[in-house]
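Read the structure below first, then the notes.
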Amino acid sequence: LKTFLRTICANYCLWILSYFLSCCDVKGVKQQTLEKLFDAGFTTMDDLINMSVEDISGNVEGIREKSAQNIVTQIALVKTNLTLEKLLMF
């Protein structure tokens with residue numbers, strides 16, 4: 001039962017993160033990439049918003065520096081372009 005609940009919680013967290021990125025119009029972070037980030041310990045919106053290129057390229061298997069830079073750049077745009085309307089949608 002514990003494993004089942006952990007799986008459900010992980011899937012729900014992934015869904016929430018995916019929804020957040022979609023509402024914020026983050027481009028280039030597909031579901032597979034998000035799952036890799038999640039598996040590497042980036043499990044909250046705070047984790048995603050505050051991660052660095054070094055955090056990603058050093059800890060996430062299969063994501064190199066160039067891709068990590070693109071991810072960080074896209075998420076940084078969220079910080080500067082997030083409107084109250086989008087925040088309330090979430």
Side-chain angles (χ1 to χ4, degrees):
L1 181 63
K2 286 182 182 180
T3 303
F4 176 72
L5 291 176
R6 266 189 247 130
T7 301
I8 288 176
C9 289
N11 287 338
Y12 181 71
C13 287
L14 274 168
W15 181 83
I16 291 290
L17 293 174
S18 179
Y19 181 71
F20 172 72
L21 294 177
S22 139
C23 286
C24 295
D25 297 324
V26 174
K27 309 230 184 311
V29 182
K30 299 185 189 240
Q31 187 67 27
Q32 182 179 9
T33 303
L34 183 58
E35 289 173 9
K36 287 181 182 181
L37 292 168
F38 188 86
D39 290 342
F42 301 99
T43 58
T44 66
M45 288 178 282
D46 187 55
D47 292 339
L48 292 179
I49 289 172
N50 293 306
M51 63 188 174
S52 68
V53 173
E54 293 79 20
D55 292 336
I56 300 170
S57 60
N59 295 314
V60 183
E61 188 175 326
I63 298 180
R64 297 191 179 178
E65 192 169 337
K66 176 86 170 146
S67 295
Q69 181 61 56
N70 290 338
I71 292 167
V72 169
T73 299
Q74 284 298 313
I75 292 176
L77 291 173
V78 169
K79 293 181 195 179
T80 58
N81 297 330
L82 188 61
T83 63
L84 183 58
E85 179 183 354
K86 283 186 182 179
L87 188 58
L88 290 175
M89 284 175 51
F90 183 70

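This is a predicted model, so every value here is computed, not measured.
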Could you check whether atom CD of Glu65 has more than 12 heavy atoms from other residues, nucleotides or ligands sitting under 6.0 Å from it? no

Could you pull out the closest heavy-atom pair between Leu17 and Phe42, with the gap in Å? CD1-O, 4.1 Å

Any chance you could measure Ile71, atom CD1, to Leu34, atom CG, to the nearest 0.5 Å? 9.5 Å

Kindly compute the distance separating SG (Cys24) from CG (Leu48), expressed to the nearest 0.5 Å. 10.5 Å

Please identify each residue that fulfils side-chain hydrogen bond (donor to acceptor under 3.5 Å, both in side chains) with Gln69, with sequence neighbours left out. Thr73

Who pairs with Asn50 by side chain to side chain contact (heavy atoms under 4.5 Å, CB included), at least two apart in sequence or on another chain? Asp46, Lys79

Tabulate below the donor-acceptor pairs under 3.5 Å that side-chain atoms of residues 8-15 make, not counting sequence neighbours, or state none.
residue : atom : partner : partner atom : Å
Asn11   : ND2  : Thr7    : O            : 3.3

Which residues pass the side chain to side chain contact (heavy atoms under 4.5 Å, CB included) test with Ala68, sequence neighbours left out? Val53, Ile56, Ser57, Ile63

Heavy-atom closest pair, residues Glu61 and Lys36: O-CD, 3.6 Å

Are Asn70 and Ser67 close enough that a side-chain donor and a side-chain acceptor fall under 3.5 Å? no

Partners meeting side chain to side chain contact (heavy atoms under 4.5 Å, CB included) with Glu54 (sequence neighbours left out): Ser52

Could you check Gln31, Lys30, Glu35 and say which one makes a side chain to side chain contact (heavy atoms under 4.5 Å, CB included) with Ser18? Gln31

Can you name the one residue among Val60, Ile75, Asn59 that meets side chain to side chain contact (heavy atoms under 4.5 Å, CB included) with Met51? Ile75

Could you tell me which residues satisfy side chain to side chain contact (heavy atoms under 4.5 Å, CB included) with Lys27, sequence neighbours excluded, listed by chain and number? Asp25, Gln74

